[in-house]
Amino acid sequence: MNPLLVAQTRPELLWAEELFNDDFSAVWQFRSAEREVTLSIVPAHMQMVCPDGQWVLAELHGLNDMWRLGSLLPLPAIINKQQLERQLTWLPLDQQALLQDVWSMLAYIEDETLRAFLLEVLMNDSIMAPFCQSKGSHRHHHDQVGGLLAHSHEVAMTAAMLSTQYQLGNRSAWVAFIGGLLHDIGKIRLYYNQSTGVCVQHESYNFMLLAEPLERLNTRSPRLFEALSACLSIKVGHYTEPYQVANIVRMCDRISADVSNWKRAFVKVPEYYWYAKSPQDDQLYKRLG
């Protein structure tokens with residue numbers, strides 16, 4: 001399934017655990033922060049899910065407390081229940097869906113090399129904790145706590161959808177998603193996100209933070225390494241990037257930043273005003289209403 005369809009269907013990220021199985025019928029419990037549902041299911045339908053518990057992406061259809069299971073895709077069994085739940089506590093409730101989106105993509109990525117790379121990053125709490133809690137910039141776009149995740153999520157989803165729209169192929173769409181998600185990861189080391197941080201090009205830190213998973217990616221697939229590295233690199237001069245996914249990620253990065261600034265310019269501005277100036281740099285913005 002491609003990222004465009006992922007964005008449209010929006011099934012739930014749930015912890016699935018078997019409560020009973022007599023080979024003829026099975027009872028499974030599905031849990032999230034919002035719900036807890038117990039269902040009787042034909043055992044064959046849950047063969048790919050670990051009975052002791054596993055994260056799944058599933059559709060639960062309910063009416064008057066009568067539930068049934070729709071589509072179901074498992075996330076890698078290595079992901080334990082506590083780690084994902086712990087990461088969600090690093091975010092306010094209104095941002096937890098962004099992190100759930102990111103983890104959910106592991107259920108869809110068919111390329112084992114790309115899935116292994118993303119999984120390695122997501123399971124690294126020393127990266128993910130500041131990633132969830134950092135600002136996207138200093139006095140510019142997404143400069144609130146948690147802004148880095150919000151901006152990165154926007155870039156990742158938009159880049160993946162555009163790659164799909166332009167029929168670049170599923171592999172390219174997933175590189176665009178991962179590249180968009182991690183293109184600013186180095187910002188967690190900058191001065192406005194950590195007391196010992198410095199003021200440098202954050203792309204340098206991109207490669208420092210991701211050195212080990214990138215090295216393994218290079219070993220398994222040099223072409224995927226090359227394409228993803230292009231998404232994480234700084235662009236100098238008028239050089240045209242051979243990989244279109246890198247161009248798309250950069251374009252989506254600019255769009256996300258510009259829209260953030262545009263929205264902020266109109267905060268507390270009456271609806272009948274069709275223009276406003278940015279409080280940061282006096283940039284003039286207009287809207288159609």
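These numbers come from the heavy atoms of this one structure, side chains and all, not from hydrogens, waters or symmetry mates.
A distance of 11.0 Å separates CD in Gln96 from CG in Leu149, rounded to the nearest 0.5 Å. Note that OG of Ser152 is 10.0 Å distant from CZ of Phe177, once rounded to the nearest 0.5 Å. Atom-to-atom distance recorded for Leu39:CG and Arg68:CZ is 11.0 Å, nearest 0.5 angstrom. One distance of note links CG of Leu75 with CZ of Arg115; it measures 10.0 Å at 0.5 Å rounding. The CG atom of Asn206 sits 10.5 Å away from atom CD of Gln201, with the distance rounded to the nearest 0.5 Å. The structure places CD of Glu36 at 12.5 Å from CD of Glu34, a figure rounded to the nearest 0.5 Å.
For Tyr285 against Ala265, the heavy-atom pair with the smallest separation is CD1-CB, 3.6 Å. Across Ala58 and Pro11, no two heavy atoms sit closer than the pair O-CB, 3.4 Å. The minimum heavy-atom distance linking Phe266 with Tyr275 is given by the pair CE2-C, 3.7 Å. Closest of all the heavy-atom pairs between Val121 and Pro213 is CG2-CG, 4.3 Å. Closest heavy-atom contact between Lys135 and Tyr192: O-CE1, 3.8 Å. Considering every non-hydrogen atom in both Leu181 and Ala156, the closest pair reads N-CB, 3.5 Å.
Using a 4.0 Å cut-off between charged nitrogen and carboxylate oxygen, Asp184 and Lys187 count as a salt-bridge pair. Arg171 and Asp111 are joined by a salt bridge, as a carboxylate oxygen and a charged side-chain nitrogen come within less than 4.0 angstrom of each other. Ion pairing of Glu17 with Lys81 is absent here, as no side-chain N (NZ or NE/NH1/NH2) approaches a carboxylate O to less than 4.0 Å. Ion pair Lys263/Asp258 not flagged as a salt bridge, since none of the NZ, NE, NH1 or NH2 atoms sits closer than 4.0 Å to an Asp/Glu carboxylate oxygen.
Partners of Trp55 under the ring pair (Phe, Tyr, Trp, His ring centres under 6.0 Å) rule, at least two apart in sequence or in another chain, are Trp15. In this structure, the side-chain contact (heavy atoms from CB on, under 4.5 Å) partners of Thr38, at least two apart in sequence or on a different chain, are Leu19, Val27, Gln29. Listed by chain and residue number, His138 satisfy the ring pair (Phe, Tyr, Trp, His ring centres under 6.0 Å) test with Tyr191 (two or more places apart in sequence, or in another chain).
When only modelled atom types and interatomic distance are considered, Ser71 and Glu59 share a side-chain donor-acceptor pair under 3.5 Å. Side-chain atoms of Asn170 and Glu110 include no donor-acceptor pair closer than 3.5 Å. Remark: the Asn261 side chain and the Gln283 side chain contain no N/O donor-acceptor pair separated by less than 3.5 Å. Under the 3.5 Å distance criterion, with hydrogens and angles disregarded, a donor-acceptor pair is assigned to the side chains of Glu154 and Ser256. Between the side chains of Asn80 and Gln83, not a single donor N or O lies within less than 3.5 Å of an accepting N or O. Remark: the His151 side chain and the His183 side chain contain an N/O donor-acceptor pair separated by less than 3.5 Å.
By the 6.0 Å contact criterion, CD1 on Ile78 is open, its count of non-hydrogen atoms from other residues, nucleotides or ligands being 12 or less. Atom OH of Tyr273 has 12 or fewer neighbouring heavy atoms from other residues, nucleotides or ligands inside a 6.0 Å radius. Around atom CZ of Arg35, more than 12 heavy atoms belonging to other residues, nucleotides or ligands sit under 6.0 Å away.
For the pair Leu14 and Leu60, the minimum side-chain heavy-atom distance is below 4.5 Å. In this structure, Gln165 and Met161 have side chains that are not in contact, with every pair of non-hydrogen atoms separated by 4.5 Å or more.
Of the candidates Leu224, Thr164, Ile109, Trp174 forms a side chain to side chain contact (heavy atoms under 4.5 Å, CB included) with just one, namely Ile109.
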